[in-house]
Engineer: 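Before we start, here is the structure in question, set down as structure tokens.
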Amino acid sequence: MRLERKKGLYERYIKRLLDIICSLLFIVIFFWLYAVIALIVRIKMGSPVIFKQPRPGIVKNGKETIFDIYKFRSMTDERDRNGNLLPDKDRLPAFGKILRSTSLDELPEVFGVLRGDMSVVGPRPQLVKDMVFMNEQQRMRHTAKPGLTGLAQVKGRNAITWEEKLDWDLRYIKKVSFLNDVKILGMTIVAVFRRSGITDGENATALDYGDALLKSGKVSKKKYDALQTYTRNLLKEHEGEREWRNTAF
């Protein structure tokens with residue numbers, strides 16, 4: 001499967017320039033906020049302050065790349081007597097809930113925009129294990145650079161179904177324009193202040209796409225397990241590439 005899409009002048013050239021300008025300005029103006037949040041996270045939840053996780057990035061040579069996304073830590077590492085992590089709801093303290101509801105946990109992602117892994121506006125980068133459950137049409141969302149915010153976020157975020165989220169992403173990539181990006185940014189500000197769509201209403205964190213498909217009976221347990229194994233292999237490959245880069249440079 002080779003993922004390809006024609007891109008306009010704005011998306012190919014202008015959008016990246018605006019991303020650099022916006023991310024630089026934001027970091028300079030709000031550097032103090034990064035320091036304050038980092039200090040509180042360190043006091044409330046300990047180390048590490050920053051949470052790192054591999055996510056699907058923009059398509060290159062017809063295939064998704066994988067990059068590391070960075071967020072302020074919002075969950076603890078509490079485990080049961082057998083060493084297994086406790087459920088999300090038991091590891092999400094009050095301050096972590098505040099970080100998530102205000103999207104302040106996502107501030108470190110601005111450095112990802114400056115680095116070029118992300119854009120200010122675009123489809124939100126989901127988990128690698130979500131990507132493998134997407135069909136070919138849904139994976140077209142990865143032909144656009146992942147964003148800090150996107151159309152799916154302002155249309156319901158985690159309060160809508162996975163199919164609806166992915167459909168909004170596909171609508172976005174059909175017409176990537178400056179005016180649409182500005183409109184989405186404005187709607188994002190409103191959504192953040194309303195603190196809406198943080199969860200699906202039933203869980204402390206939204207279900208992964210594969211878990212949602214399995215729960216609804218849209219995927220068999222056999223296929224679910226096979227794709228989870230495939231995900232682990234992709235992540236091992238990414239980890240190996242990261243270690244090689246660190247060694248080589």
Side-chain angles (χ1 to χ4, degrees), residues 10-11 15 18-19 22-23 26 30 33 37 51 53-58 64 67-72 74-75 88 92 96-114 117-131 133-134 137-209 211-212:
Y10 167 74
E11 188 176 5
K15 189 173 171 67
L18 293 177
D19 283 341
C22 291
S23 57
F26 190 92
F30 291 103
L33 183 57
I37 294 176
F51 170 75
Q53 191 176 52
R55 297 290 180 99
I58 192 169
E64 290 101 340
F67 73 102
D68 290 321
I69 196 172
Y70 295 86
K71 296 184 177 186
F72 281 119
S74 60
M75 299 178 71
D88 289 352
L92 189 61
K97 291 179 181 178
I98 293 173
L99 285 179
R100 290 196 173 197
S101 66
T102 57
S103 296
L104 289 173
D105 63 319
E106 297 176 1
L107 288 183
E109 295 174 28
V110 178
F111 288 92
V113 175
L114 183 60
D117 292 329
M118 299 178 66
S119 180
V120 175
V121 179
R124 279 295 296 168
Q126 304 296 341
L127 298 172
V128 176
K129 61 182 176 180
D130 294 326
M131 176 191 73
F133 283 93
M134 297 178 191
Q137 182 184 14
Q138 291 168 336
R139 287 175 70 170
M140 283 296 295
R141 69 193 294 280
H142 300 132
T143 60
K145 192 171 289 187
L148 297 177
T149 185
L151 193 55
Q153 275 55 53
V154 300
K155 293 296 185 179
R157 199 172 176 179
N158 292 324
I160 58 178
T161 67
W162 266 100
E163 286 75 15
E164 288 173 323
K165 281 193 287 188
L166 297 175
D167 184 58
W168 282 118
D169 289 336
L170 294 178
R171 293 190 191 189
Y172 172 77
I173 67 172
K174 286 181 180 179
K175 189 177 181 181
V176 181
S177 69
F178 174 74
L179 289 179
N180 280 344
D181 281 358
V182 170
K183 183 178 179 180
I184 291 172
L185 281 174
M187 295 171 71
T188 298
I189 294 172
V190 174
V192 168
F193 278 103
R194 287 180 177 174
R195 300 188 182 186
S196 57
I198 306 301
T199 69
D200 58 11
E202 297 180 3
N203 305 282
T205 55
L207 283 177
D208 298 334
Y209 191 26
D211 292 340

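In what follows, every heavy atom counts, from backbone to side chain, and hydrogens, waters and symmetry copies are set aside.
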Engineer: For residues Ile160 and Ala152, report the shortest heavy-atom separation together with the two atoms involved.
Structural biologist: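 For Ile160 and Ala152, the tightest heavy-atom pair comes out as CD1-O, 4.1 Å.
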Engineer: According to side-chain hydrogen bond (donor to acceptor under 3.5 Å, both in side chains), who are the partners of Glu109, at least two apart in sequence or on a separate chain?
Structural biologist: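 Glu109 satisfies side-chain hydrogen bond (donor to acceptor under 3.5 Å, both in side chains) with Arg124 only.
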Engineer: State, to 0.1 Å, how close Met140 and Thr143 come at their nearest heavy-atom pair, and which atoms those are.
Structural biologist: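 For Met140 and Thr143, the tightest heavy-atom pair comes out as O-OG1, 2.6 Å.
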Engineer: Considering non-hydrogen atoms only, spot the tightest contact between Pro123 and Lys145 and give its length.
Structural biologist: CD-O, 3.8 Å
Engineer: Would Leu107 and Phe72 count as a side-chain contact (heavy atoms from CB on, under 4.5 Å) here? Give the steps.
Structural biologist: CA-CA 7 Å; Leu107 288 183; Phe72 281 119; 4.1 Å; yes
Engineer: What are the two closest heavy atoms between Leu170 and Gln138, and how far apart are they?
Structural biologist: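 Nearest heavy atoms, Leu170 then Gln138: CD2-O, 4.1 Å.
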Engineer: Can you check side-chain contact (heavy atoms from CB on, under 4.5 Å) on Val190 and Val154, steps first, answer last?
Structural biologist: CA-CA 9 Å; Val190 174; Val154 300; over 6 Å; no
Engineer: So, is the end of the Lys165 side chain (NZ or CZ) under 6.0 Å from the ring centre of Trp162 and within 45° of the ring's axis?
Structural biologist: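 Cation-pi check for Lys165 and Trp162: passes.
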Engineer: For the residue pair Tyr172 and Val121, what are the closest heavy atoms and their distance?
Structural biologist: OH-O, 3.5 Å
Engineer: At what distance, to the nearest 0.5 angstrom, does CG of Leu166 lie from OG1 of Thr161?
Structural biologist: 8.5 Å
Engineer: If you measure from CD1 on Ile173 to CG on Asp169, what distance do you get to the nearest 0.5 Å?
Structural biologist: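 One finds 8.0 Å between CD1 of Ile173 and CG of Asp169.
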Engineer: Going by heavy atoms in the side chains, are Phe67 and Pro56 under 4.5 Å from each other?
Structural biologist: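 Sidechains of Pro56 and Phe67: no contact.
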Engineer: Just how far is it from atom CG of Leu151 to atom CZ of Arg141, taken to the nearest 0.5 Å?
Structural biologist: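 Leu151 atom CG to Arg141 atom CZ measures 11.5 Å (nearest 0.5 Å).
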Engineer: For Tyr10, which residues count as a side-chain contact (heavy atoms from CB on, under 4.5 Å) partner, sequence neighbours excluded?
Structural biologist: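 Ile14, Lys15, Leu18, Val176, Phe178, Asp181.
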Engineer: For Ser74 and Asp105, does a side-chain donor sit closer than 3.5 Å to a side-chain acceptor?
Structural biologist: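 Ser74 vs Asp105: no donor-acceptor pair found between side chains.
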Engineer: Is there a donor in the side chain of Tyr70 and an acceptor in the side chain of Glu106, or the other way round, less than 3.5 Å apart?
Structural biologist: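 No, because no side-chain N or O of Tyr70 sits under 3.5 Å from a partner of the opposite role on Glu106.
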Engineer: Checking Arg100 against Leu92 for the side-chain contact (heavy atoms from CB on, under 4.5 Å) test, could you report, in this order, the C-alpha distance in whole Å, the side-chain angles of both residues, the deciding distance, and whether it holds?
Structural biologist: CA-CA 10 Å; Arg100 290 196 173 197; Leu92 189 61; 4.0 Å; yes
Engineer: Supply the atom-to-atom distance Lys71 NZ to Leu99 CG, rounded to the nearest 0.5 angstrom.
Structural biologist: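 Rounded to the nearest 0.5 Å, the NZ-CG separation comes out at 11.0 Å.
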Engineer: Roughly how far, to the nearest 0.5 Å, is the CD1 atom of Ile184 from the OG atom of Ser177?
Structural biologist: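 Ser177 atom OG to Ile184 atom CD1 measures 8.0 Å (nearest 0.5 Å).
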Engineer: Could you pull out the closest heavy-atom pair between Ser23 and Val113, with the gap in Å?
Structural biologist: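 Here Ser23 and Val113 meet closest at CB-CG1, 4.0 Å.
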Engineer: Between Met118 and Leu148, is any pair of side-chain heavy atoms under 4.5 Å apart?
Structural biologist: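 Touching, per the 4.5 Å side-chain cut-off.
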Engineer: Could you pull out all residues at least two apart from Asp117 that satisfy salt bridge (charged side-chain N to carboxylate O under 4.0 Å, His left out)?
Structural biologist: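 Asp117: salt bridge (charged side-chain N to carboxylate O under 4.0 Å, His left out) contacts with Arg115.
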Engineer: Check the pair Phe133 / Met131 against side-chain contact (heavy atoms from CB on, under 4.5 Å), numbers first and verdict last.
Structural biologist: CA-CA 5 Å; Phe133 283 93; Met131 176 191 73; over 6 Å; no
Engineer: Taking atom CG of Asp208 and atom CG of Leu127, what is their separation to the nearest 0.5 Å?
Structural biologist: 5.5 Å
Engineer: Does some side-chain heavy atom of Glu164 sit less than 4.5 Å from a side-chain heavy atom of Lys155?
Structural biologist: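 No; the side chains remain at least 4.5 Å from each other.
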Engineer: So, Asp167 and Arg171, do they make that salt bridge, N to O below 4.0 Å?
Structural biologist: yes
Engineer: Report yes or no: does Asp130 contribute a side-chain atom to a donor-acceptor pair with the main-chain N or O of Tyr209 at less than 3.5 Å?
Structural biologist: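 Confirmed, Asp130 side chain pairs with Tyr209 backbone.
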Engineer: Between Asn180 and Lys175, is there a donor-acceptor pair closer than 3.5 Å when you use the side chain of the first and the backbone of the second?
Structural biologist: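 Side chain of Asn180 to backbone of Lys175, a donor-acceptor pair under 3.5 Å: yes, one is there.
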Engineer: Check whether any side-chain N or O of Arg55 sits under 3.5 Å from a backbone N or O of Pro125 as a donor-acceptor pair, and report yes or no.
Structural biologist: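 Indeed, once roles are kept as given, a pair shorter than 3.5 Å links the two residues.
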